[in-house]
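First comes the structure, then the notes that go with it.
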Amino acid sequence: MKQDYYEILGVSRDATQEEIKAAYRREALKHHPDRNKGDKEAERRFKEAAEAYEVLSNPEKRARYDRYGHEGLSRSGAAPGFSTVEDIFRHFGDIFGGGSIFDDLFGMGGGRRSGGGRGASLRCRVRISFEEMARGVEKTIGLRREERCGTCGGTGARPGSAPRTCPYCRGRGEIQQTHGFFAVRTVCPRCQGRGSVIEDPCPECRGAGRVRRARDLTVRIPAGIEDGTQIRISGEGDAGEQGGAPGDLYCQVLVEAHPFFTREGNDLYCEVPISFAQAALGARVEVPGISSTETLEIPRGTQSGSLFRIRGKGLPDVHGRGTGDLVVRVVVETPRKLTRRQEELLRELAKTEDENVSPRRRSFFEKIKERFGQEDERKERE
Ligand SMILES: [Zn+2]
Ligand SMILES: [Zn+2]
């Protein structure tokens, strides 16, 4: 019969996450193998506490445990259980990033070493306009991140003191254990492989070697970037623990749509209206490009919907490989209003084409009225 997880940690069933963490800290300290050398009972209690904490610190597992008890956890394959003390260190090292809970718990964070816990990578988003995309832009973004502690310079040790060689592994960073015929080397659980421990932690960062700060960062966004692209800014994530390497910052760039232009690859597309006379006779029209106004020669007899390509007036390639084209789609617009003179000329034109056009001075609405009138009459006859 397994003992209740809440009882193991000595907390009530409605304990908060902080209470659970504090209770685990207390239990783990009491039964820590370093303090109870060779005590099998202490080791069992240490493992039990870790198992209870593993479940109760995870809201999903905790909810399942609350409803179904131990059964609910084993059936779904979520049953915890640690075979060795090293397992526990490894496991919670993962959860808390570089074993920081044990640094917290026992004040045994290590000293500076090249492989000190690497900082987490961070993500952010930045929104830019289409024009900013076309010419490239610098944006300032606000972040909260872990930064190297200025008081201890990232070592985690109180200024004037220094990290000491780890007594557990004698500075080797790993320990060797014999299992039957095999000798297994594992990362030292006390110093997490750093080879050194801090006995007098820095008061500013409490031995972590880093502190949380708000920071404004300028991000250079290259011209021609595609909407949704993620830029990696190397080394601008969280600082590492105790002088470890920093993580990276991933910044996703969102490009706003433009009312006039769309893009396809590095080509810019736009639509330009021209008159029937321009389409028929040919014309020179001004086309507003993204950075300059271009002149486009429209040949005689241009059909509505024709595409014209202006070389090299599109978007710069984001990798610096040339520039796209500006592709103009011309649309022939039918005039909505005509002067008397224009109407005369159009009627002349229609005559030459021997086409049937509506008689003069009957507006569209008059025609509609006429048609509905006819229908009304027909209905009356029926
Ligand atoms: Zn510090
Ligand atoms: Zn060690």
Side-chain angles (χ1 to χ4, degrees), residues 25 28-29 31-39 42-43 46-47 50 82-120 122 143-179 183-215 235-247:
R25 189 169 283 164
L29 265 174
H31 305 299
H32 192 267
D34 273 7
R35 301 187 166 190
N36 303 274
K37 281 266 188 288
D39 183 343
E43 189 180 323
F46 184 72
K47 285 178 187 170
F82 300 98
S83 50
T84 66
V85 170
E86 283 70 37
D87 245 15
I88 295 170
F89 284 112
R90 248 198 313 279
H91 193 75
F92 288 121
D94 255 25
I95 291 178
F96 292 97
S100 63
I101 189 173
F102 286 101
D103 297 351
D104 275 17
L105 286 176
F106 311 117
M108 57 183 200
R112 180 199 290 271
R113 57 146 198 176
S114 54
R118 194 184 166 177
L122 301 176
L143 292 175
R144 284 195 69 78
R145 67 175 182 189
E146 300 288 343
E147 300 209 332
R148 175 163 297 192
C149 172
T151 305
C152 63
T155 65
R158 183 186 289 274
S161 79
R164 193 169 69 92
T165 303
C166 172
Y168 199 77
C169 62
R170 295 193 200 89
R172 284 194 296 272
E174 58 176 25
I175 51 170
Q176 190 169 316
Q177 283 179 315
T178 312
H179 296 286
V184 181
R185 282 167 190 277
T186 49
V187 172
C188 172
R190 174 106 189 238
C191 66
Q192 277 90 42
R194 292 183 188 98
S196 59
V197 290
I198 292 167
E199 291 187 318
D200 195 3
C202 163
E204 173 77 17
C205 63
R206 287 189 226 101
R210 55 184 197 171
V211 283
R212 198 155 186 80
R213 291 249 160 77
R215 171 73 61 188
E236 295 289 359
D238 277 344
E241 284 184 25
Q242 283 135 21

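Atom set for the values below is all heavy atoms of this structure, side chains included, hydrogens, waters and symmetry mates excluded. Whatever order the structure lists them in is the order used to number ligands and atoms, beginning at 1. Numbers here are sequence positions counted from 1.
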So the angle subtended at the Zn ion (ligand 2) by Cys166 atom SG and Cys191 atom SG, rounded to 10 degrees, is 120°
SG (Cys188) to the Zn ion (ligand 2) to SG (Cys169), nearest 10°, is 110°
Look at Arg210 together with Glu147 and state whether they make a salt bridge at an N to O cut-off of under 4.0 Å.
-> no
Between SG of Cys152 and SG of Cys149, what angle is found at the Zn ion (ligand 1), rounded to 10 degrees?
-> 110°
Nearest atoms (heavy-atom pairs only) where Ile198 meets Gly156 | CD1-C, 3.4 Å
Inspect the contact between Glu236 and Arg145 and indicate whether a charged nitrogen and a carboxylate oxygen are less than 4.0 angstrom apart.
-> yes
For Arg148 and Ala239, the nearest pair of non-hydrogen atoms, with its separation, is N-CB, 3.5 Å
Quick one: the SG of Cys205, the Zn ion (ligand 1), SG of Cys202 angle, rounded to 10°, please.
-> 100°
